[in-house]
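Here's the structure we're looking at; comments come further down.
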Amino acid sequence: MFHAHNVIIQFEDENSQICTSFTVQPGDICAIVGPSGVGKSTLLSAIAGFETPHSGTLTWDGQDLVSLAVWERPLACLFQSDNIFTHLSVRRNLALGVPRELSNKECVLAIQEVAENLGIGAFLDRPASDLSGGQQQRVGLARALLTNKPLLLLDEPFSALDTETRETAIALLKRITKDYDLAVIIIAHDEADVTALDASLVRLYREPIS
Amino acid sequence: MKQLLASLTAAALLAMPTMASAKPVLTIYTYESFTSEWGPGPQIETAFEATCDCDLNFVSLDSSIGILGRVQLEGASSQADIVLGLDTNLTAIARDTGLFQPHGVTAQSDNLPIAYDNDMFMPFDWGYFAFVYDKTRMATPPASLQALVEADDDLRIVIQDPRTATPGLGFLLWMKSVYGDDAADAWRALNPKIVTVTKGWWDAYSLFLEGEADMVMSYSTSPAYHQIAEGVDQYAAASFSEGHYMQIEVAAMLKNAPQPELAKKFMAFIQGPEFQGIIPTTNWMYPTQASAIPDGFDGLITPENAYLFSGEDVKNNKQAWVDEWLSAATN
Amino acid sequence: MRLPHNDSGFTRLIWGTFIMGALFCLAAICLISLYQAGLADTNISSLLSRPYFGYVIYITLIQALLSVILSVCGGVLGAIALHRRWHWPLRRLILAGCFMAMIVPTTVAAISLLKLWGQSGFISLLGGSAIIPDRLGLWSVLLAHCFFNIPLIMRVCLSRLQSVPQGQYRHAALLRFSAGAYFRHIEWPAIRTVLPSVSGLVFLLCFTSFSLVLMLGGGPAITTMEVSIYTALRFDFDLSKAAVLCVIQLVICAIILVFIKPSSTNFASDNVLDAAPLRADHQSKIWLVGDGLLWFGLVILLLVPLGLLIFNSDIRGGIDFLSTPRFWSAFAHSVALAIGAATGAVTLAMSLAMAAAEAQRRHWPLLSRLVEFSHSLFLLVPALVLGTSFFILLRPYVAVFDYGFYIILLGNALLSLPFCYRILAPALLTHWHKTDRLCHALRLGIWQRFRLITLPALGAEFAFAFGLSAALSFGDLGIITLFGSQEFETLPYLLFQFMNRYGAAEADLLALVLLGSALSLYYISYYLIKVYRGLLAR
């Protein structure tokens, strides 16, 4: 279970801050909403470890996250774009996510399974640069799943997709959340997406620094 | 500030031909050390201007052979009246350019080691090439050219480029005189000892004075400068048993000299007592007139055997010999 | 929507095309005059069969190749080490050194390098004389080429690393990439895209290197074709040899230019290098040592020599020289050349960029490409070749040496044109694209538009381009070696005359003056454009 308690992130240039507390259970999706520029991405960066919150606690199953390095946190990320390395094949991209303790054989099997599950099994040996935007996001998602981390952070992953692809992607996300029993935190821009995802809501707003 | 402004204006007006001054200007191209403040240039300028009611303008070029290259490049449009600082090795090459004219002065030298009478090139001083060393740093210099060539490689010498400087060419011819067809092998043996090959004489000599080399290609008369001008007895020329190569420096007037009369006057002036009196203790070479030899020159080494190629020989072989040096220097 | 063709656009196109034509004509004139100079009646095969002739071509190529290999290795590793340890102290200083290397005149660099590496340099003083070769040669030329080109490659690589999307660095951190994985998946794929053009540029610069080789080559064994052209012309008066060398050099440069397109190198402006990288990677202990050594190497290579020049020169003996007319006349010539050449280069670069943009807008791709290409034409025809051919061309008619100033002015302007164009053109293109319609609606003329809109908007780029070309021309030691004489000297030429006399106080002093002036020229133009911008905003 992910828990954010009284997390405060300050924007000193603008003399304002955001403050939030919320909980996400495995198998649930939590959507962070708010006006643009409010600090949604900054909050997500803080959870991932790219930034440090001013105060408050972030825990996973009671374990403190703030003191952990990025790669030690039990989470995977998917951003709007640039989630894959375009000079590599799809398979090599996925292999980067496989935990190092797995043997070669297990690695091949795991990649095959996730790729089939996400509908990119046919592209495994194509250069990632050949794929469409929607397909590239799926590769990113597949690699996130392969890392075997229980918490998934998504920063507007659908914003670059057209309507049709977006609907498929939302359905896919809902399915894998259940299949893999993930706790998902997603930044959503579009309220319709939130409704479609059946997500719980965390609304962010700025307040003056007290 | 005023000076800066003046210079800036000068820069802007640079392309304009030099402003005509009241007096006629005699332009002489020469090498750098000749015109430096301790060289013969300033004194000769004063002395000649006192006799001619003219401006004597020395244009100093960065090396001696560069003087010839420069007038060749400028061709007929050259502003020079006289070039001063070639030597007898280059006279046949220079004559072939067709840029010079006979000076029309009878040569009267009583202190040249050989009889030299040339209608175009007027000798103004002479000397023997020699390696100069510092007695405080080197007790016993090599006693012969062969000893130098075969010395240990930790001996460091500096020489001049035979393509750009007359001492460099002189040394090339010296090597050729001594070694003949084996010169290439001798060059290869000498190579590891050559710290650098400089463009002009002064570059090499100052390197030596700074301690960057143990010996420098210069003249047997160079130590006289340190003895007479500085009162220092530290430097000496190494006497080589094979004999030394000789240099006779010459001046010549250009065919298209803008001031031919003045130029002729200067060519005669070169042989006169004033010019000859200035040369030994400023250019540190032997004068062409015996009466001008100063006292301090007695203690200098005098080789028993002297080499000198004719200008014709040098003209016919220079390219091949320089190429021989180049290919020896590059492997 | 396509704009209606308007007059000012057409004028721009005509003007830029005219400039392009002039550049091509100039290049053609150079070739023709070289041909006339003796190619027509020279027995080329006999010339080529002379052993030294072949050696010159061979050693020029070898030297340039080695320089490129060393510079690329050093530059890439340096850029990665700097990017990886962004928060270490000295970073600003190293970046400043990288920037200085674009401006430092070659003569100053040569003097500074000898202060560290020379026989009586700092390392020898510290007892390290055993590791220093006892005479100048290939090593000193390579060292100098690294001094200038490692920073160039580092700048280009660093700005490329900075432009890698943030997401990639974040995923790398999440996936716990090792230093090797960083290199394979992020750094190398990014750097690989810029490497061919920048190493092509470095090859051209080293292949046509002149002053550094002249000063640090230490004799006939280490030379370049440029130096041989100079010797052939200045001392042997061998026009046909000079011409043949020019042509061979042209052919080799042309091959490089066509196949590697070094002209597409983009020079990062400083603000790209100011932002901290977004990477948050796992930093292993092994690379701590490696990076430390790389940083140390960069400091030794870039900063220590200049530091020694600035803080460890004994200039007292030379101070009198500052009051001589000889110094001031050289100084004035240099300043006039710098300002003139920089104005010329910026004007040329702008005219070409305008025409290229206009031709592109009208969908005339061939013309646009030709105009684009013409800016790099004089990477191909180096200054000395230009000077030589002008010399040969004008000699029968005028006293060429009287026009040395203007020939050098033209040569310097063309020399910095490729750099200017690369700095200005991309910014100009986007800017024009944005403001075209507005300016057209306001009926602004070309000059008004430049004065009121373009110059203030692109102040930083103009200042960079102008300052860089001013500094380059100020410190250039190229054609001046052909035309220089007692009556016409520049500061670099003066320094060149003095520098062979090691330890001469005048040389140190001149080097300091040169360095200070080149930097001042750069910053003054920067400052003036900023002030101008401020005036307009009021």
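Proteins come first, then strands; the chains are lettered A, B, ... in the order of their sequence lines, and each starts at number 1.
By number of non-hydrogen pairs under 4.5 angstrom with chain C, the leading residue of B:Thr164, B:Asp323, B:Leu73, B:Thr97 is B:Leu73. Comparing B:Asn57, B:Val197, B:Val59 by how many heavy-atom pairs each has under 4.5 Å with chain C, the most go to B:Val59. Chain C forms the most heavy-atom pairs under 4.5 Å with one residue out of B:Ile194, B:Leu68, B:Leu61, and that residue is B:Ile194.
C:Leu233 touches chain B through backbone and side chain together, each having a heavy atom under 4.5 Å away. Neither the backbone nor the side chain of B:Tyr29 comes within less than 4.5 Å of any heavy atom of chain C. No part of C:Tyr58 comes within reach of chain B, as not one of its non-hydrogen atoms sits under 4.5 angstrom from that chain.
In this structure, C:Phe235 and B:Ile65 approach most closely via the heavy-atom pair O-CG2, 4.2 Å. The two residues B:Arg163 and C:Pro220 have their closest heavy-atom pair at NH2-CB, 3.9 Å.
B:Lys318 NZ to C:Asp236 CG: the interatomic distance, rounded to the nearest 0.5 Å, is 5.5 Å.
The number of heavy atoms from other shown groups lying within 6.0 Å of OH (C:Tyr52) is above 12.
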